[in-house]
Amino acid sequence: MTKTEKIATLERKTAEALLGGGQSRIDAQHKKGKLTARERIDLLMDPGSFEEIGQFVMHRCKDFGLDKEYYLGDGVVTGYGTVNGRLVYVFSQDFTVFGGSLSETHAEKICKIMDLALKNGAPIVGLNDSGGARIQEGVNSLGGYADIFYRNTIASGVVPQISAIMGPCAGGAVYSPAITDFIMMVENTSYMFVTGPNVVKTVTHEDVTSEDLGGASAHSTKSGVTHFSCPNEVDCIMRLKKLLSYLPQNCDDEPPLLPYEPGDETRPALANLVPDNPNQPYDMHEVIYEVVDQGEEGFLEVHKNFAENMIVGFARVGGRSVGVVANQPAVLAGCLDINSSVKAARFVRFCDAFNIPLLVFVDVPGFLPGTDQEWRGIITNGAKLLYAFCEATVPRVTVITRKAYGGAYDVMNSKHIGADMNYAWPSAEIAVMGAKGAAEIIFRKEIAEAADHEAMHKQKEDEYNQKFATPWRAAHRGFIDEVILPENTRKKVITAFKMLANKATSLPPKKHSNLPL
Ligand code: HXC
């Protein structure tokens with residue numbers, strides 16, 4: 001073969017690989033409103049930065065006619081490049097090749113870039129669009145999945161891992177995304193479930209569509225499996241890039257520090273945000289938007305439609321990445337329940353693993369009462385959030401805007417469990433319980449003996465309120481570092497995080513902790 005012929009072979013094979021399963025299947029993919037594996041990578045990566053690895057890999061299966069059907073790349077495009085100028089490893093499953101199904105070699109390609117990402121300390125992004133295990137390969141495919149699950153677990157807490165689900169993701173295949181740090185789903189074109197509608201129908205006699213069972217809506221509102229529900233693929237990839245912008249490359253790295261020009265950081269809108277009536281709700285988002293850089297635009301909310309009584313998300317204050325955790329008094333009065341505790345606990349642990357400081361806003365009347373919560377384990381699940389905060393060694397700043405009652409006061413990043421700076425607004429109420437309940441218990445006798453029970457109850461309630469439903473007891477004890485005017489919150493928080501930038505603290509050596517799962 002001449003040199004020209006050899007080069008022509010390379011060109012022919014490259015062109016073949018770029019076509020995946022062929023033009024008609026690419027057209028079919030587009031008709032479904034989906035992009036191809038390569039189009040997704042083009043959107044994700046900085047232009048011209050993507051370097052492909054394993055473009056010519058082929059499967060090794062000889063059964064069920066596969067010895068006559070080969071596609072270069074074997075259903076997954078893998079490689080590395082830059083996103084916002086920083087190194088990222090990516091795999092993008094190609095639905096046009098055997099439905100993006102996972103063969104032994106397909107899995108090997110994914111594992112190869114995962115190993116590189118771990119060795120070189122950079123995030124792994126998985127763009128998932130797959131019919132699951134390559135059925136013709138049997139256990140070889142299952143082994144391939146397990147190789148990926150194992151690496152997902154080993155890489156957990158070392159490099160950020162993000163999964164975007166852009167098509168089917170079913171059966172055991174769901175467990176790779178589940179182990180990664182964040183799952184994003186595209187509305188109407190993606191779904192995730194362990195068993196599909198047909199199996200559900202056979203076993204439980206329920207009639208359910210794929211979308212209702214495991215679409216983006218179900219997983220962003222009901223199960224909490226997905227952290228982001230995106231209207232389309234472009235939005236999904238843009239959000240993924242934004243998410244990466246808040247994160248460090250690995251657990252030994254610091255999140256990017258953006259330039260910050262100090263200005264007038266007073267935020268007058270905060271002065272009148274908390275209503276005088278302690279039972280009246282307000283939207284904690286407003287507080288967050290006033291405090292973080294770039295307002296609403298600068299806040300990337302995670303799990304937006306799940307456990308809405310807790311708000312979590314990424315933002316920057318004074319150019320520094322922070323993880324925001326906030327009670328939402330506008331939903332369930334901001335009570336802590338099972339879902340909100342687990343949601344916030346996982347977020348806190350992610351931030352702590354990746355050196356992202358925590359900014360916590362507190363307005364919490366307590367834990368949600370009821371048999372449903374108790375029997376489903378609010379004890380164990382609430383403990384997850386407590387545990388996550390206790391363990392976190394990143395800089396931690398708390399702002400109590402209103403209620404901080406009972407155990408929830410302790411849990412929500414109190415001084416006692418390791419927070420560094422604790423602020424309270426003058427409207428803060430820091431006490432064991434609400435005044436009504438407290439008066440009923442400690443003044444039961446006086447109320448019973450009074451001629452006018454109701455008037456006595458009210459009087460005792462007021463007494464309790466005046467004494468305890470304030471920030472002052474806590475401030476006198478030093479549990480609150482400063483009582484601040486709401487309008488100064490942004491300035492205080494920026495200054496505090498700057499002061500804490502070199503915080504160094506560590507936990508006692510151990511094999512690993514034992515989070516109450
Ligand atoms: C091999 C597959 C495949 C698979 C799809 N294809 N899934 N090939 N193994 N798992 C092929 C099809 O034969 C077809 O080939 C092409 O991909 C596109 O598939 P269609 O069915 O035409 O597409 P669509 O109508 O969009 O339906 C997509 C689908 C469906 C819903 C994903 O293909 C499907 O139900 N596939 C099987 C899913 C499944 O049961 N997987 C195994 C699950 S168990 P042609 O040549 O026509 O283009 C599992 C265990 C994992 O995954 C365990 C991990 C521990």
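We count ligands from 1, going down the list as the structure has it; atoms in each ligand are counted the same way. If you're wondering where the values come from, they're calculated on a predicted model, not measured in any experiment. We count residues from 1, following the sequence as given.
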**Report entry** 4.0 Å protein heavy-atom contact status of atom 21 (O) of ligand 1, strictly under
**Finding:** no
Query raised in the report: What protein heavy atom sits nearest atom 6 (N) of ligand 1, and how far away is it?
Result: F98 O, 3.6 Å
Query raised in the report: Protein heavy atoms: any of them under 4.0 Å from atom 52 (O) of ligand 1?
Result: yes
Query raised in the report: Which protein heavy atom lies closest to atom 43 (C) of ligand 1, and at what distance to 0.1 Å?
Result: G131 O, 4.3 Å
Report summary line: Scanning both residues in full, the closest heavy-atom pair of I183 with I165 reads CG2-CG1, 3.8 Å
Query raised in the report: Got a salt bridge between D372 and R376, using NZ or NE/NH1/NH2 to carboxylate O under 4.0 Å?
Result: yes
Requested in this report: Check A133 against ligand 1 and report side chain, backbone, both or neither, counting heavy atoms closer than 4.0 Å.
Outcome: both
Requested in this report: Please confirm whether G171 comes under 4.0 Å of ligand 1, counting heavy atoms of the residue only.
Outcome: no
**Report entry** ligand 1 to R25 polar contact by distance, N or O atoms, under 3.5 Å
**Finding:** yes
Query raised in the report: Counting only heavy atoms on the protein side, is anything nearer than 4.0 Å to atom 13 (O) of ligand 1?
Result: no
Query raised in the report: Would D235 and R239 pass as an ion pair if we require N to O under 4.0 Å?
Result: yes
Query raised in the report: Looking at ligand 1, does any of its N/O atoms fall within less than 3.5 Å of an N/O of F95?
Result: no
Query - F367 atom CZ: more than 12 heavy-atom contacts under 6.0 Å - result: yes
Requested in this report: Answer yes or no on whether R25 is positioned over the face of F95, meaning its NZ or CZ is under 6.0 Å from the six-membered ring centre and within 45° of the axis.
Outcome: no
Query raised in the report: Is it the case that more than 12 heavy atoms not belonging to Y289 sit under 6.0 Å from its OH atom?
Result: yes
Query raised in the report: Under 4.0 Å from atom 35 (O) of ligand 1, do we find at least one protein heavy atom?
Result: no
Query raised in the report: Taking non-hydrogen atoms only, is Y191 closer than 4.0 angstrom to ligand 1 via side chain, backbone, both or neither?
Result: side chain
Query - Between F56 and Y70, ring centroids under 6.0 Å - result: no
Query raised in the report: Is the number of heavy atoms from other residues, nucleotides or ligands within 6.0 Å of NZ (K13) greater than 12?
Result: no
Query raised in the report: Is atom 46 (O) of ligand 1 in close reach of the protein, with a heavy atom under 4.0 Å away?
Result: yes
Report task. Please work out whether any backbone atom (N, CA, C, O) or any side-chain heavy atom from C-beta onward of L142 is under 4.0 Å from ligand 1, and answer side chain, backbone, both or neither. Result -> side chain
Report task. Could you tell me whether atom 17 (O) of ligand 1 has at least one protein heavy atom nearer than 4.0 Å? Result -> yes
Query raised in the report: Which atoms of ligand 1 have any heavy atom of G132 under 4.0 Å away?
Result: 52 (O)
Report task. Would you check the N or O atoms of G99, main chain and side chain alike, for any that come under 3.5 Å of an N or O of ligand 1? Result -> yes
Query raised in the report: For K32 and ligand 1, does the shortest N/O to N/O distance drop below 3.5 Å?
Result: yes
Report task. May I ask you to check whether F98 and Y71 place their ring centers less than 6.0 Å from one another? Result -> yes
Requested in this report: Mind running side chain to side chain donor-acceptor pair (under 3.5 Å) on S245 and N84 for me, showing each step along the way?
Outcome: CA-CA 7 Å; S245 78; N84 309 321; 5.1 Å; no
